[in-house]
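Okay, structure first, notes after.
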Amino acid sequence: MLPGLFKLLRTAPEGVQAQILQNQIWTIWHQHENPDVNKLMERGIRAMHTADYQVSMAAFNAVIEIDDNFAEGWNKRATLYYLMGDYDSSVLDIQRTLALEPRHFGALSGLGMINMALDRKDEAIAAFEQTIAVNPHAAGARAFIEKLKEARKRERI
């Protein structure tokens, strides 16, 4: 299903249709055939949203231990590492996510955010451009690219 959804996403008009396609992709990424993995993912996401990073980390570590080929387990842990300020670990998990799912626009965007936080403008722009190549409806990525390009211009003056 994912190849067809990505094809539709690239040609969908802005708005509701594009959002529905993005949501469908995220839903598929979050689904696992093992109900225990799904429960752990839910627990980890809930804990991450309440800043209970210890519980969240334990849940995502367990997901990865059960199935280290589940891209979304790696992506969620990458997000958690980002929130904790551990950018090096986040990048490693993003790399694993992208090795498993190269079209993961969430992971690509996260890589852009990390590079932005580290003031690596060129790398951030490249990551956000990759995000848009996969998902042309990633408005946040477009906005960040413009912001970064403006900042680069100001630095050259």
Side-chain angles (χ1 to χ4, degrees), residues 1-12 18-142 144-145 148:
M1 269 187 78
L2 281 173
L5 289 172
F6 275 101
K7 184 177 180 181
L8 289 171
L9 184 61
R10 282 191 294 279
T11 60
Q19 189 59 53
I20 290 169
L21 290 165
Q22 289 174 85
N23 290 344
Q24 288 175 324
I25 291 167
W26 278 109
T27 298
I28 291 169
W29 281 342
H30 278 93
Q31 291 175 349
H32 195 280
E33 64 273 1
N34 182 333
D36 293 334
V37 169
N38 292 325
K39 288 176 188 171
L40 286 164
M41 288 291 288
E42 289 173 21
R43 181 182 308 147
I45 292 166
R46 273 195 314 273
M48 186 166 52
H49 287 181
T50 61
D52 189 345
Y53 296 155
Q54 185 175 0
V55 168
S56 187
M57 183 64 73
F60 296 142
N61 284 342
V63 166
I64 291 166
E65 188 174 310
I66 292 169
D67 184 356
D68 69 348
N69 288 314
F70 183 46
E72 196 55 32
W74 291 98
N75 182 58
K76 285 296 183 266
R77 194 173 75 173
T79 302
L80 180 60
Y81 278 133
Y82 172 81
L83 292 171
M84 295 168 62
D86 185 349
Y87 298 143
D88 291 338
S89 294
S90 184
V91 168
L92 291 173
D93 281 4
I94 288 169
Q95 290 170 340
R96 179 68 175 150
T97 302
L98 293 172
L100 295 166
E101 174 51 88
R103 303 165 297 192
H104 202 299
F105 49 82
L108 289 165
S109 183
L111 187 58
M113 298 292 292
I114 291 167
N115 282 311
M116 234 172 50
L118 297 173
D119 199 33
R120 298 191 299 224
K121 291 176 185 63
D122 291 336
E123 292 90 341
I125 290 169
F128 289 130
E129 286 175 341
Q130 285 181 287
T131 304
I132 291 168
V134 173
N135 178 6
H137 304 283
R142 288 187 194 286
F144 285 132
I145 289 170
L148 289 161

To the nearest 0.5 Å, what is the distance between [atom1] on [X] and [atom2] on [Y]?
{"X": "Arg120", "Y": "Asp122", "atom1": "CZ", "atom2": "CG", "result": "11.5 Å"}
{"X": "Arg77", "Y": "Met48", "atom1": "CZ", "atom2": "CE", "result": "12.5 Å"}
{"X": "Ile114", "Y": "Asp88", "atom1": "CD1", "atom2": "CG", "result": "9.0 Å"}
{"X": "Glu101", "Y": "Leu2", "atom1": "CD", "atom2": "CG", "result": "6.0 Å"}
{"X": "Asp36", "Y": "Asn34", "atom1": "CG", "atom2": "CG", "result": "4.5 Å"}
{"X": "Gln31", "Y": "Met41", "atom1": "CD", "atom2": "CE", "result": "11.5 Å"}

Which heavy atom in [X] sits nearest to a heavy atom in [Y], and how many Å separate them?
{"X": "Ala107", "Y": "Ile94", "value": "O-CG2, 3.7 Å"}
{"X": "Glu33", "Y": "Asp67", "value": "OE2-OD2, 4.5 Å"}
{"X": "Ala47", "Y": "Ser56", "value": "CB-N, 3.6 Å"}
{"X": "Val134", "Y": "Arg10", "value": "O-CG, 4.2 Å"}
{"X": "Pro136", "Y": "Leu9", "value": "CG-O, 3.9 Å"}
{"X": "Leu108", "Y": "Pro102", "value": "CD1-O, 4.1 Å"}

After noting the C-alpha distance and the side-chain angles of Asp68 and Arg96, does the key distance pass the side-chain contact (heavy atoms from CB on, under 4.5 Å) rule?
-> CA-CA 9 Å; Asp68 69 348; Arg96 179 68 175 150; 4.1 Å; yes
Tell me, which pairs form a side chain to side chain donor-acceptor pair (under 3.5 Å) where one or both residues lie in residues 125-135, sequence neighbours left out?
->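 As it turns out, the side chain to side chain donor-acceptor pair (under 3.5 Å) pairs with a partner in residues 125-135, which skip direct neighbours, are Gln22-Asn135.
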Inspect the surroundings of CZ in Arg43 and state if more than 12 heavy atoms from other residues, nucleotides or ligands are less than 6.0 Å away.
-> no
Does Asp86 offer a backbone N or O that forms a donor-acceptor pair with the side chain of Ser90 under 3.5 Å?
-> no
Are [X] and [Y] close enough that some pair of their side-chain heavy atoms sits under 4.5 Å apart?
{"X": "Phe128", "Y": "Met113", "answer": "yes"}
{"X": "Ile66", "Y": "Leu40", "answer": "yes"}
{"X": "Val63", "Y": "Lys76", "answer": "no"}

Is there a side-chain contact (heavy atoms from CB on, under 4.5 Å) between Arg142 and Ile145 once you walk through the steps?
-> CA-CA 5 Å; Arg142 288 187 194 286; Ile145 289 170; 5.6 Å; no
Taking only Lys NZ, Arg NE, NH1 and NH2, and the carboxylate oxygens of Asp or Glu, determine whether Asp119 and Lys121 approach each other closer than 4.0 Å.
-> yes
Among Trp74, Trp29, Phe6, the one residue meeting ring pair (Phe, Tyr, Trp, His ring centres under 6.0 Å) with His104 |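 Of all the options given, the one that passes is Trp29.
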Establish, yes or no, whether a centroid distance under 6.0 Å links the rings of Tyr82 and Tyr87.
-> yes
Does the separation of the ring centres of Phe105 and Trp26 fall below 6.0 angstrom?
-> yes
Answer with yes or no whether the side chains of Gln19 and His137 bring together a donor and an acceptor at under 3.5 Å.
->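 No pair is found: no donor N or O on one side chain lies under 3.5 Å from an acceptor on the other.
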Check the pair Gln24 / Met1 against side-chain contact (heavy atoms from CB on, under 4.5 Å), numbers first and verdict last.
-> CA-CA 10 Å; Gln24 288 175 324; Met1 269 187 78; 5.9 Å; no
Given side-chain contact (heavy atoms from CB on, under 4.5 Å), test His30 with Ile45 step by step and report yes or no.
-> CA-CA 11 Å; His30 278 93; Ile45 292 166; 3.9 Å; yes
Inter- and intrachain pairs under ring-ring contact (aromatic ring centres under 6.0 Å, His included), touching residues 31-53, at least two apart = His32-Phe70
